[in-house]
Amino acid sequence: MTDGARVATRPGVPPQEAATHCPYCALQCGMLLRANDGRVEVLPRQFPTNRGGLCQKGWTAADLLDHPDRLTTPLLRDRPGGELRPASWAEAVDRVVTGIRTVQEGHGRDAVAVFGGGGLTNEKAYTLGKFARVALGTRHIDYNGRWCMSSAAAAGIRAFGVDRGLPFPLADLGRAETLLLVGANPAETMPPLMRHLADQRSRGGRLIVIDPRETATARQADLHLQPLPGTDLAVANALLHIALTEGWIDREYVAARTTGFDDVRRTVAGYWPAEVERLSGVPVADLEATARALADAGSAIILTARGAEQHAKGVDTVTAFINLTLALGLPGRPGSGYGCLTGQGNGQGGREHGQKADQLPGYRRIDDPAAREHVAQVWGVPADTLPGPGVPAYRLLDSLGAPGGPRALLVFGSNPVVSAPRAARVTDRLRGLDLLVVADFLLSETAALADVVLPVTQWAEEDGTMTNLEGRVLRRRALREPPAGVRSDLAILADLAARLDAPARFPTDPGTVFAELRQASAGGPADYAGVTWERIDRDEGVFWPCPDQDGPDTPRLFAESFPTPDGRARFHPVTHRPAAEEVCDDYPLHFTTGRVLAQYQSGTQTRRVTALRRAAPGAFVELHPDLAARLDVAEGDEVRVVSRRGELRAPARLSPTIRPDTVFAPFHWAGAARANSVTNDAVDPVSGMPEFKICAVRVERAES
Ligand code: SF4
């Protein structure tokens, strides 16, 4: 038996089953949970995304249900520097309400902030946004999806007028003659997705990967382009330059379906392949082969992920690849287009229903008067009582406790002590708060700093909906009751709202919340009005927009037009610029971060699963053997990676597959091995996405 997989059913009680989805990433693999003889089993389930597959994280997800570290009682800290102690719910809620009132009376409503997560169900994300705007009356809410999806989202809205990660079902990947992955490593981040790539290969398709590291995905590619981190934008512009020079542009499509091409044409004219080779290290021949493979194909798809997006120019980098797809006439064509691979479990739905600083449910803008009227009417409050836009996640965290900044923070489903850039500074900010409240089911590193910790349900104990990377709304189904002492996030928010005399109802039943969410999203870009739980059950999920219960949903977008005022997609000229921090004599190496197969995000959950811990026991620093030799570092030696912001320590792992000028560390670990002690807090000016993927460091052998 694996860790903590027992449930509160008695031997002899008939097995119960729940067809649900994995609690981790945005692939949202279908799984069947079975409670049998006191134990929860996870079985794979046929679903269009995972087609019967699960990765090791999914297989072991039930290990946390009754894990010894599971929180089953609220915790309180009586004084700064004191220990957390168990408390009753009444005492904990009293403390939160008193703390919020004290801070708001002394410093105004915006002095309390909320930080959400991309793993929360749609119902929770929606309720959290409503709670912030209606119960707290604060403009300060944002979430960890800023770390994940914000650059691709902003680029998608800018070009297409809408942000849906994949504007087509995942199965379309299998039909693409050419598939280009940019900064994406699904072989490690979402292995069941590789079944679609295997389909593509079996049909004779070509796979091209752009990644500074020779990842498990890159090793399967027909062609691997290995650019210097931070030069993807230049590579994309060079590909478009080649397509223009060779006459491969789909002029009919560009004329009929887009605007702004002339500016882009003039811009990319300067991206001579030989110059881009000097800048990025990608040979001209590989650039030409890639452009030809995309242009020659009857169908072609370009997908980006965090490698391309987590930069201070992430929006422009994604835009450069979108420009390329538009010029080749791909978006809206069968088996073709641009998409991004969303990361977190509800990274898509979590960014649609109001936990972003500038947003109301249905992907409406909070500064749009009509949107405010609509949502305020659903909530039963005057529109002029809704606060205006707040600030993106890093700005919010960096302002905590500072003059004029929030003095209290409520965190739901996030662990910024590990996941935020320049994490030591964020940790200091959290320590400076008058009140930090964390709702979680494990004592994350952020919860360990809190004044109040509220224990919440896990995925197998709750109903609700998630929206996967395809924009497909799915059902999460409860298998069992939560342990005694644990409450749902919805119940916590409803209780707090009532105690704060909120002028609106906060239902605790997820079905009732979803019905309200449907109304609130009606008419918005992410329209869920026609999505019902019954329809999700019947149709293996429902793709938004789906405005009418009796009308069709929308598996594929853009076939006829784009949701822009004139129905056309918009080109935007974008130019390469250096990383926010360049290498120098003191910090001569590039540092980049990412994930490993057996861990997930900040590791709060997966670091506690025995099988995953065995598979990936700790952090490491990957470096090229030539670099290691120069530094006198051997395999397994403890090394320090030092940037201007801090350092991490971890054993060296030598690999000839990484560039000799670049080092890599995974970001799942805390303490001395925390990769985000090193990362740069420069952010994209449009999306607020931090530059996780490149900064300047030096590496040295650690003194033992
Ligand atoms: S690929 Fe993602 S959704 Fe599927 S089992 Fe693994 S972590 Fe879960």
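All heavy atoms count here, side chains included; hydrogens, waters and symmetry mates do not. Just so you know, ligand 1 is whichever comes first in the structure, and atom 1 is the first atom listed for that ligand.
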What pairs of donor and acceptor atoms, side-chain ones from residues 665-673 against any protein atom, are under 3.5 angstrom apart with sequence neighbours left out?
residue	atom	partner	partner atom	Å
H668	ND1	Q601	O	2.8
H668	NE2	V596	N	3.0

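- Remark: aromatic rings of H353 and Y528 are close, center separation under 6.0 Å.
- Seen from the ring of F620, R653 counts as a face-on cation partner, given the 6.0 Å and 45° thresholds.
- Considering R476, K124, R475 as possible partners of D463, the one that fulfils the salt bridge (charged side-chain N to carboxylate O under 4.0 Å, His left out) test is R475.
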Ring pair (Phe, Tyr, Trp, His ring centres under 6.0 Å) between F47 and H21, worked out: CA-CA 9 Å; F47 197 74; H21 296 267; 4.8 Å; yes
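- For atom 8 (Fe) of ligand 1, the count of nearby protein N, O or S atoms, meaning those under 2.8 Å away, is 1.
- Classification of the F692-W147 ring pair by plane angle, with boundaries at 30° and 60°, yields perpendicular.
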